[in-house]
Amino acid sequence: MAITESSRIRRAVKKRSRRRFTGLFYTLPLLIFVSVFTFFGIFYNIYIGMFEWTGIGPKLFVGLDNYVHLFQDASFYEAVGHTGYFLLVTIPLSMVLGLLLAILLNGVWKAEGLFKSIFFLPHVIAVVTIGTTFVGIYEPNFGLLNHLLKALDLSGLTRSWLSEPSSALNAIAAVYIFANSGFYMLIYYTSLLNIDQEMFEASKIDGAGVWRQCRYIIVPMLGGTHITLSILGIIHALKVFDLVWIMTEGGPGGATELISTFLFRESLLKYNTGYSGAVSVVLLLIAFGYTIFQLRVYNRIRR
């Protein structure tokens with residue numbers, strides 16, 4: 001009997017091992033893909049960040065000199081400041097607008113799919129199309145925005161939106177919010193459907209209006225969604241390049257230069273490949289550090 005029992009245990013262990021290896025086998029293509037196109041790129045950037053290199057020809061090992069130069073570069077700090085401001089403006093406003101749209105859609109039963117498609121449409125339109133369209137809208141002489149302000153007798157507010165340093169970054173931020181609020185709306189809308197509807201019915205019986213439902217039910221119950229969207233939003237906004245480059249190319253006078261456009265300029269326009277590798281490593285560390293911080297906050301909230 002003891003021999004039979006031990007053989008059963010061995011067979012059970014073998015089956016579990018086979019299942020583990022089977023799962024590994026199915027995930028192996030994804031692991032290879034991530035290793036080649038993600039981890040290899042990360043380690044390669046760390047490697048070339050220690051060289052003075054134009055991207056062509058021999059490399060000159062300089063150690064940490066690129067990082068020393070980076071943290072003494074005023075242009076880099078300016079790009080970091082613009083990126084931080086861009087994040088502080090776009091992420092909260094996109095989340096608030098997306099949540100408001102989701103709450104409005106949650107009470108709409110007729111043509112619900114149509115409204116969701118309309119609000120989500122800007123997110124799936126090519127960034128080139130959105131950027132080019134808003135360049136025309138912001139055009140100071142013939143653009144729609146200035147014409148609309150003049151028609152409303154607000155000529156004092158007209159300006160060269162993308163040519164003035166004081167307004168260029170805000171103008172791009174507005175376009176970014178317009179293009180991405182639909183994504184936040186869809187995630188919030190899906191999360192709202194998972195909230196027990198009996199809570200809303202009970203709150204109505206107790207006399208709670210829409211504002212109190214938002215304050216005491218919706219916002220607290222969607223805490224996990226807030227954290228998730230803020231992490232995704234920060235990481236995505238850190239990588240924003242195409243919209244800025246299409247609309248201003250980082251100008252005027254560097255007023256819209258973000259870390260991503262600074263990295264592109266150093267790498268492909270100035271041929272400072274080694275220096276740009278150091279910039280990309282710092283950008284990765286910023287995103288990684290923020291993600292860890294946000295996850296710790298989320299874990300404390302759950303406790």
Side-chain angles (χ1 to χ4, degrees), residues 37-55 62 64-95 127-128 130-131 134 162 165-177 179-180 183 229-294:
F37 293 98
T38 302
F39 295 126
F40 173 77
I42 292 173
F43 288 112
Y44 184 72
N45 274 308
I46 295 173
Y47 168 73
I48 65 172
M50 297 182 180
F51 291 86
E52 184 179 334
W53 187 38
T54 62
V62 294
L64 298 177
D65 285 355
N66 283 328
Y67 294 94
V68 173
H69 174 59
L70 177 63
F71 289 108
Q72 294 175 348
D73 191 347
S75 298
F76 173 72
Y77 285 108
E78 187 177 4
V80 171
H82 294 158
T83 303
Y85 176 80
F86 186 81
L87 298 179
L88 290 175
V89 170
T90 58
I91 303 305
L93 290 179
S94 296
M95 292 177 65
V127 176
V128 175
I130 292 179
F134 274 90
L162 298 177
S166 59
S167 61
L169 190 57
N170 289 324
I172 295 176
V175 179
Y176 181 86
I177 294 170
N180 290 278
F183 170 76
L229 286 178
S230 62
I231 293 175
L232 293 176
I234 292 290
I235 294 174
H236 182 263
L238 282 172
K239 299 185 295 183
V240 170
F241 165 77
D242 40 11
L243 184 64
V244 177
W245 197 259
I246 289 166
M247 298 185 70
T248 62
E249 296 186 3
T256 59
E257 187 84 286
L258 305 182
I259 298 178
S260 57
T261 57
F262 178 80
L263 173 61
F264 175 81
R265 194 182 305 278
E266 292 294 331
S267 177
L268 296 179
L269 298 184
K270 296 183 179 180
Y271 299 102
N272 293 329
T273 305
Y275 185 61
S276 64
V279 176
S280 63
V281 171
V282 172
L283 178 60
L284 175 66
L285 291 175
I286 292 173
F288 186 68
Y290 172 78
T291 303
I292 293 176
F293 169 76
Q294 200 76 327

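Owing to the predicted nature of the structure, the values given are computational and were not obtained by experimental measurement.
- Here the options are Asn66, Val62, Asp65, the test is side-chain contact (heavy atoms from CB on, under 4.5 Å), and the partner is Tyr275; only Asn66 passes.
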Worksheet item: Yes or no on side chain to side chain contact (heavy atoms under 4.5 Å, CB included) for Phe134 and Leu162, after CA distance, side-chain angles and deciding distance?
Response: CA-CA 10 Å; Phe134 274 90; Leu162 298 177; over 6 Å; no

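- Under the 4.5 Å side-chain criterion, counting only non-hydrogen atoms from C-beta, Ser230 is in contact with Tyr290.
- Using bins of under 30°, 30° to 60° and over 60° for the plane-to-plane angle, the ring pair Tyr44/Tyr47 lands in the tilted bin.
- Atom OG1 of Thr248 is separated from atom CG of Leu243 by 8.5 Å, given to the nearest 0.5 angstrom.
- Smallest separation of non-hydrogen atoms from Pro252 and Pro165: CG-N, 3.8 Å.
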Worksheet item: side chain to side chain contact (heavy atoms under 4.5 Å, CB included) between Phe86 and Thr256: does it pass, once the steps are laid out?
Response: CA-CA 9 Å; Phe86 186 81; Thr256 59; over 6 Å; no

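- Heavy atoms of other residues, nucleotides or ligands lying less than 6.0 angstrom from CZ of Phe288 number 12 at most.
- Here Ser276 contributes atom OG and Asn45 contributes atom CG; the two are 7.5 Å apart, rounded to the nearest 0.5 Å.
- Between atom CD1 of residue Ile91 and atom CG of residue Leu238 there is a gap of 8.5 Å, rounded to the nearest 0.5 Å.
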Could you give the side-chain donor-acceptor pairs of residues 258-267 under 3.5 Å, partners two or more places apart or in another chain?
residue	atom	partner	partner atom	Å
Ser260	OG	Val240	O	2.3
Thr261	OG1	Glu257	OE1	2.5
Thr261	OG1	Leu258	N	2.9
Thr261	OG1	Leu258	O	2.9
Arg265	NE	Glu257	OE2	2.9
Arg265	NH2	Glu249	O	2.8
Arg265	NH2	Glu257	OE1	3.3
Arg265	NH2	Glu257	OE2	3.4
Glu266	OE1	Asn272	ND2	2.9
Glu266	OE2	Lys270	NZ	3.4

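- Atom CD in Glu78 sits 10.5 Å away from atom OG1 in Thr83 (nearest 0.5 Å).
- The two residues Ile48 and Trp53 come nearest to each other via the heavy atoms CG2-CZ3, 4.1 Å.
- Residues Ala173 and Thr90 share a closest heavy-atom pair of CB-CG2, 3.7 Å.
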Discussion item. Before you tell me yes or no, could you show the steps for Asp242 and Val128 under side chain to side chain contact (heavy atoms under 4.5 Å, CB included), namely the whole-Å CA-CA distance, both residues' side-chain angles and the distance that decides it to 0.1 Å?
Written reply: CA-CA 7 Å; Asp242 40 11; Val128 175; 6.0 Å; no

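- Taking Tyr85 as the reference, Asn170 meet the side-chain hydrogen bond (donor to acceptor under 3.5 Å, both in side chains) condition, with sequence neighbours excluded.
- The two atoms that bring Ala278 and Leu70 nearest to each other are O-CD2, 4.0 Å, heavy atoms only.
- To the nearest 0.5 angstrom, Leu229 atom CG is 12.5 Å from His236 atom NE2.
- Atom CD1 of Ile235 is separated from atom CG of Leu87 by 11.0 Å, given to the nearest 0.5 angstrom.
- Counting all heavy atoms, side chain and backbone alike, Leu169 lies closest to His82 at CD2-O, 3.9 Å.
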